[in-house]
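To start, the structure under review is shown below, and the notes come after it.
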Amino acid sequence: MPGKGFVSNIARQSEDFPGWYNDVVRKAELADYSPVRGCMVIRPYGYAIWESMRDELDRHIKRTGHQNVYFPLFVPRSLLEKEAEHVEGFDPQVAWVTRAGGEELSEWLAIRPTSEAIIAEVVKDWIQSYRDLPLLLNQWNNVVRWELRTRLFLRTAEFLWQEAHTFHATEQEAADEVATGLEAYRAVSEDWLAIPVIKGRKTENEKFPGAVYSTSIEAMMRDTKALQAGTSHMLGQNFARSAGIDFLDRDNQLKAPFGTSWGFSTRMVGATIMAHGDASGLILPPNVAPHQVVVVPIFRSEDDRAAVAGAIERLETGLADVSTASGPLRLWVDWREETPGFKFNHWELRGVPFRLEIGPRDVAAGQAVIVRRVDRLKETLPLDSLAAELPKRLADYQAHLFQRAIDFRTANTHHVDDMEAFERTVEEDGGFIHAPWCGDGACEKRVSEKTGATIRIIPFDAADESGRCLVDGKPSERRVLLARAY
RNA sequence: CGGGGCGUAGCGCAACGGUAGCGCACGUGCUUUGGGAGUACGAGGUUGCGGGUUCGAAUCCCGCCGCCCCGACCA
């Protein structure tokens with residue numbers, strides 16, 4: 001019995017991944033369901049993880065010259081409907097306010113599903129000259145998309161995100177900006193969340209409604225399914241034209257600016273959970289972990305307790321000025337009245353990178369037992385070495401998780417050349433599949449209807465490779481990335 | 001939006017015509033503490049909402065509401 005009960009309370013990751021995910025989110029106290037259909041409550045531990053990635057991304061956004069702004073939650077119907085493809089794409093997901101102030105509104109207000117329309121409408125007055133460009137805006141907010149089927153963090157009716165909206169004098173500048181946004185997402189995913197991603201372009205069928213083209217980064221979860229981890233769109237002159245934005249260029253010609261938009265959401269909390277977690281629960285990269293190190297005091301007698309408390313106090317003092325890649329060392333001492341074993345499991349479920357056990361034997365020897373979450377590797381270290389060791393080990397751990405994720409992805413990536421092999425691979429192995437595609441949207445639909453796998457992206461780094469489309473055998477110039485996805 | 005399931009204590013469940021109970025969690029005391037401690041006592045409920053049948057409804061009937069799971073759309 002001992003040691004069994006708790007872990008068996010989490011669905012087995014290998015057998016029931018969605019159940020595992022749900023259990024971890026709930027039991028690690030990341031989020032709860034709410035009284036509102038399809039909406040979640042983000043709890044303190046989950047919000048702390050979001051804040052960490054949010055702050056890091058915000059630094060990237062500001063470093064690349066963007067300024068934060070805030071636009072209204074409500075978008076008048078007439079504005080949302082100006083861009084035809086945009087409204088058509090979002091229509092089924094828009095929530096409307098039809099009544100307020102005790103009466104029916106003369107014009108419905110959409111609760112923003114995204115802000116292209118209202119931002120374009122406003123900035124048309126800010127943009128007169130090429131000197132006003134580029135205009136690089138970003139906002140952190142909530143949006144609502146009426147989802148029928150929701151999952152905590154991954155897909156909820158309301159979610160938190162960042163949406164950048166930029167306007168440029170030339171198409172090339174806008175294209176560069178699309179790349180800048182995507183690169184920020186790659187950096188946060190890989191360097192902060194330790195999730196390796198593949199950059200690429202979405203197909204016509206999968207692009208953002210109203211965009212000229214869309215790009216995204218794709219990540220692999222531990223069930224080998226794909227997750228779109230951030231998208232960056234080239235809007236061309238579509239929204240500028242429908243909103244009537246124009247500027248006088250150097251050549252004294254009136255032109256419509258080129259726009260971009262890009263977004264990164266709380267879905268990435270879900271990605272972090274699914275990219276690293278194991279049978280015991282979360283595994284958090286040190287950069288986002290709310291607690292990087294948790295100390296578990298161990299004692300029997302009051303004398304032991306006092307000795308251990310003294311040693312921990314001296315340790316905390318000694319670590320006060322220690323900093324890590326993500327700021328001051330986040331160390332937490334768990335003085336709760338629970339048994340050590342309970343605490344070990346409690347913090348493993350919550351994905352804390354390192355645990356320090358300090359008991360009477362350790363105090364006597366001037367040492368601590370340190371246990372690494374990802375593989376439970378247990379070592380003994382002198383207490384006075386920790387100020388130097390912890391930052392180093394946290395950095396190593398961050399790198400280790402990233403490499404582990406790369407290795408996992410590599411082991412679950414396949415290359416196939418025909419439909420028969422493709423279907424077999426999707427069914428038996430899953431994972432990422434690189435296969436030739438002719439570029440025809442009909443072939444794309446055929447594949448997804450037949451197998452459930454979709455073309456995630458046309459990877460930017462796909463080599464030129466002549467082949468034959470796995471659906472209709474027509475010539476293909478490069479492989480695309482296919483997978484079953486969230 | 002179609003198909004299925006479920007609403008009883010914070011969570012998981014039982015009671016399926018006779019007025020609500022178990023496990024976990026929670027509170028207090030004592031003993032405990034190096035991988036989910038033991039023990040004693042205790043607190044906690046308009047059984048999702050509204051109507052109906054009945055001497056009597058958590059239980060049967062009708063109508064709502066909500067949530068979960070599976071399919072078509074999405075970050």
Classify S301(A) by what it touches in the nucleic acid, base, sugar-phosphate, or nothing, heavy-atom distance under 4.0 Å.
nothing
E423(A) and T451(A): side-chain donor and acceptor closer than 3.5 Å?
no
Nearest listed nucleotide, side chain of Q93(A), among rA75(B), rC74(B), rG35(B)
rC74(B)
When you look for runs of 3 or more Watson-Crick or G-U pairs in a row, both distances below 3.5 Å, which of them include RNA chain B?
B:1-7 with B:65-71, B:10-13 with B:21-24, B:26-31 with B:37-42, B:48-52 with B:60-64
Need one value for V143(A): base, sugar-phosphate or nothing, where a base atom within 4.0 Å counts as base even if backbone is also close, heavy atoms only.
nothing
Among the candidates rC74(B), rG34(B), rA37(B), find the nucleotide nearest to the side-chain atoms of T339(A).
rA37(B)
Closest of rA75(B), rC74(B), rG35(B) to the Q228(A) side chain is rA75(B)
Same-atom distance (C1') from rU28(B) to rG45(B), integer angstrom
23 Å
What interatomic distance, in whole Å, is found between C1' of rC64(B) and the corresponding atom of rG56(B)?
26 Å
For atom CG of N205(A) and atom C1' of rC73(B), their distance in whole Å:
13 Å
Of the nucleotides rA75(B), rC26(B), rC68(B), which has the atom closest to the E338(A) side chain?
rC26(B)
For Y33(A), report the nucleic acid contact type (base, sugar-phosphate, nothing); a contact means any heavy atom under 4.0 Å.
sugar-phosphate
Side-chain contact check for V369(A): nearest option of rA75(B), rG34(B), rA37(B) is rG34(B)
State, with a plain yes or no, whether a side-chain heavy atom of V471(A) is found less than 4.5 Å away from one of W437(A).
no
Which part of the nucleic acid, if any, lies within contact of P18(A), taking any heavy atom under 4.0 Å across all strands shown: a base, the sugar-phosphate backbone alone, or nothing?
nothing
Of K378(A) and R267(A), the one whose nearest nucleotide on RNA chain B sits closer to the 5' end is K378(A)
Describe, in one word, how the ring planes of W140(A) and W50(A) are oriented to each other, choosing from parallel (under 30°), tilted (30 to 60°) and perpendicular (over 60°).
perpendicular
Which nucleotide, rA75(B), rG35(B), rG34(B), lies nearest any side-chain atom of R361(A)?
rG34(B)
Minimum-distance nucleotide (side-chain atoms of S265(A) versus rG35(B), rG34(B), rA75(B))
rA75(B)
Nearest to the side chain of I298(A), heavy atoms from C-beta on, is which of rC74(B), rG35(B), rG34(B)?
rG34(B)
Heavy-atom nearest nucleotide on RNA chain B for T150(A) versus E206(A): which residue maps closer to 5'?
T150(A)
From rG35(B), rA75(B), rG34(B), pick the nucleotide closest to the side chain of E147(A)?
rA75(B)
So, Y397(A) and N287(A): side-chain donor and acceptor under 3.5 Å apart, yes or no?
no
Distance criterion of 3.5 Å, no angle test: do you see the side chain of R145(A) paired donor-to-acceptor with the base of rC74(B)?
no
Counting only side-chain N and O atoms of T231(A), is one of them less than 4.0 Å from OP1 or OP2 of rA75(B)?
no
At 4.0 Å (heavy atoms only), tell me whether R336(A) reaches a base, stays on the sugar-phosphate, or touches nothing.
nothing
